[in-house]
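Here is the structure we will look at.
Each chain gets a letter, A, B and so on, in the order its sequence line appears, and its residues count up from 1.
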Amino acid sequence: MVTSPLDMADEGRLERLSAMLRRRGVVLPAFDIYGGVSGLIDYGPVGAAIRRRLTQKWVNHWLSHGDIVEIDSPTITPESVLVASGHVGEFNDLMTECKACGSIFRADHLVEHLHPNADSLNSEEIDKFLDSGIECPSCSEKAWTPAQPMNLMFSTTIGAMSTGRTAYMRPETAQGMFMLYPALYRHFRQKLPFGAIQTGKGYRNEISPRQGMIRLREFNMAELEYFIDPENPPVADLNRRTEIVSLVPDPDGAHAGETRMSFGAALTAGIVRHPTVAWFLARTWDFLVEVGINPEKIRFRQHASTEMAHYAEDCWDCEIHGEHGWIECVGIANRTCHDLESHESHSNAKALRAWRQFTEPRSQTLDRLAPNGAVIGPTFRGDASAVVAALETLTDLPDSLPFELEIGDGKSVTIEEGMVERRIETVNVSGEWYTPHVIEPAFGIDRIIWHVLDHAYEEAEKEGEAYTFLRLSEGISSVDCVVLPLFDKEGMPELAREITAAINSLPHARAEMDSSKSIGRRYARADEIGIPWALTVDHTSIEDGSVTIRRRDDQLQVRVFTDEILSRLSNGTIQELF
RNA sequence: GCGUUCGUGGUGUAGGGGUAGCACAAGAGGUUUCCAACCUCUUAGCCCGGGUUCAAAUCCCGGCGAGCGCACCA
């Protein structure tokens with residue numbers, strides 16, 4: 001196995017980065033004074049600002065498409081929703097423990113060679129297979145505890161104890177968009193494609209959270225559900241996209257093996273199977289690069305059919321490389337019509353569809369047996385409505401009467417002369433109802449923030465001393481500039497306070513002031529948490545109102561009047577000063 | 001969940017049955033005309049709960065947390 005440069009870990013860098021994140025209030029263990037809880041983290045004053053700004057960029061990124069809107073739905077979700085979505089079944093894997101060595105396994109995996117569809121077995125059936133002499137993969141003993149469901153969702157109860165409804169903390173935000181599909185369809189005047197985004201918390205009761213902020217029990221998600229007509233999927237022009245990206249296609253498919261090519265080429269070659277999925281891969285790339293992910297450390301990996309989620313037909317992970325190796329940070333799935341169809345059948349909703357207008361109205365000839373209610377009703381009484389329904393769906397019309405008609409539940413009735421009338425009708429059909437397909441890019445915000453921090457963190461040396469930079473992209477840092485009075489006297493702190501207030505009164509700029517200790521130390525503090533601009537107030541500032549502005553990334557300084565800094569902060573042209 | 005290593009100020013560490021040190025960081029003051037300078041002072045710590053002991057940060061047990069390996073990860 002060849003070790004790529006990406007795999008060569010810098011000894012201790014992860015520890016130093018984590019220590020800095022704790023010390024500077026970026027990311028810290030949650031509930032620390034009570035011993036902490038595994039899988040839960042706090043964003044401190046610096047981290048929370050970074051998270052909010054990155055999330056806002058994500059929202060703006062998708063809203064700028066014009067056919068995507070933002071929604072917000074509850075985190076507490078009734079059980080029935082998650083039964084329909086498949087999460088209650090899928091998250092209730094039966095687990096069993098080896099009595100000898102204590103190892104835990106998914107029971108269905110242990111017996112899958114004995115049953116074609118082990119996943120569907122109930123706990124008693126699984127126990128029978130387990131008792132038939134299954135060896136423990138780790139210690140080869142054959143003694144198993146009874147299989148028990150282990151749900152990865154946090155459960156709760158809505159309402160008073162005895163009458164409460166079972167509910168779960170949502171494991172994904174996506175269901176909120178599906179619940180609102182009818183409202184979205186109205187909002188967009190019944191025209192597809194359209195999409196809805198939501199950001200917020202998701203919850204998964206992980207068995208073993210690991211790797212800092214990579215596997216959390218409560219995490220920040222950002223998901224887009226993009227509803228399309230499967231027969232007329234939107235096709236974006238990828239020809240202008242020239243960037244070359246790493247792709248790892250399905251290992252069982254025709255294109256197995258890592259390759260590098262443009263998004264357009266990947267679609268043309270059939271590696272990416274769906275044009276809309278290809279477009280979202282490209283837009284995901286755009287977002288990640290915008291917030292400061294190193295493009296060299298991004299790759300797209302196609303799921304093998306064996307690891308596909310229960311709802312997905314084609315699925316790509318966007319993986320980012322960092323201190324923990326390649327980590328899935330975005331999942332882009334073609335969920336097809338699975339969710340909407342399932343919710344339509346589990347609920348009473350009949351509106352989870354879209355209308356597809358034919359370009360030309362189609363003339364359709366219907367050959368049918370029209371029921372005569374006046375005869376069918378009195379004859380079949382309670383079964384009459386089932387008989388009418390069965391006649392409506394009859395495709396192979398009998399050549400003659402009477403005939404036997406299946407009406408469901410194993411029952412059949414005899415249809416005789418006079419009960420029906422054979423009609424050949426011609427109708428104009430101008431369109432049809434269909435269930436939209438859904439393309440879902442799902443972003444793990446915490447994982448992306450981790451990699452933004454990882455890629456931005458640079459350990460340098462300054463006059464023989466260790467010196468660290470956080471080279472965050474503009475608009476991602478906790479504040480945009482720090483205002484530094486050169487000395488904490490002679491009117492400089494007062495002027496610095498005025499400038500700070502003026503910047504903070506701008507709509508999208510943030511500044512803070514730092515007046516303690518030497519100027520070099522204050523620059524270092526700002527560099528360490530990634531503040532891109534430092535404004536220094538000195539004696540000249542008192543005289544003419546100009547300040548020096550220092551650029552974090554090369555420590556260059558120029559003298560500018562405060563008014564110009566304010567206007568350039570507003571229109572994002574600070575870089576042009578250098 | 002199992003195994004394993006570990007848990008000392010904000011961060012990093014020393015000590016390992018008898019007064020808990022150091023460095024950096026932070027706060028106050030001084031000095032200083034732009035990149036972690038210096039001086040004085042200050043704040044701040046043995047993860048939690050049991051046990052052994054005259055005495056526990058130290059030894060033992062349990063819990064919680066962190067890293068790693070196995071398992072799990074729709």
Counting heavy atoms from C-beta on, name the nucleotide in B:A36, B:A71, B:U11 closest to the side chain of A:A19. B:U11
When you measure from the side chain of A:R23, which nucleotide among B:A36, B:C34, B:G10 comes out closest? B:G10
Are A:D527 and A:R552 ion-paired here, with the side-chain N under 4.0 Å from a carboxylate O? no
Whether A:R521 contacts B:A25 is assessed here as follows: a side-chain N or O lying under 4.0 Å from the phosphate OP1 or OP2. Is that the case? yes
What does A:G25 touch in the nucleic acid at a heavy-atom separation under 4.0 angstrom: a base, only the sugar-phosphate, or nothing? nothing
Pick base, sugar-phosphate or nothing for A:R22, based on heavy-atom distances below 4.0 Å to the nucleic acid. sugar-phosphate
Whether A:R335 and A:E172 form a salt bridge (side-chain N of Lys/Arg under 4.0 Å from carboxylate O of Asp/Glu) is what I want to check. yes
Ignoring backbone atoms, test whether A:S518 places a side-chain nitrogen or oxygen under 4.0 Å from the OP1 or OP2 oxygen of B:C35. no
State whether the distance check finds a donor on one side and an acceptor on the other, under 3.5 Å, for side chain A:Q557 versus base B:C34. yes
Under 4.0 Å, heavy atoms only, any strand: does A:R550 hit a base, just the sugar-phosphate, or nothing? base
State whether A:D32 and A:R22 are salt-bridged, where the test is any N-O pair (Lys NZ or Arg NE/NH1/NH2 against Asp/Glu carboxylate O) under 4.0 Å. no
Hey, does the side chain of A:D454 reach the backbone of A:E323 with a donor-acceptor pair shorter than 3.5 angstrom? yes
Compare the minimum distances between each of B:C35, B:C34, B:G27 and the side chain of A:K517, then state the nucleotide with the smallest one. B:G27
If the cut-off is 4.0 Å, is A:T548 near the phosphate of B:C34, judged by side-chain N/O to OP1 or OP2? no
N-O pairing of A:D538 and A:R559 below 4.0 Å: yes
Please evaluate the base of B:C64 for a donor-acceptor partner in the side chain of A:Y34 within a cut-off of under 3.5 Å? no
Would you say A:S38 reaches B:A66's phosphate, i.e. side-chain N/O to OP1/OP2 under 4.0 Å? yes
Testing B:U33, B:C70, B:C35 for proximity to the side chain of A:R210, the answer is B:C70
Nearest-nucleotide comparison on RNA chain B, the residue closer to the 5′ end among A:R217 and A:K489: A:K489
Hey, which of these two, A:F219 or A:S516, hits RNA chain B nearer its 5' end, going by closest nucleotide? A:S516
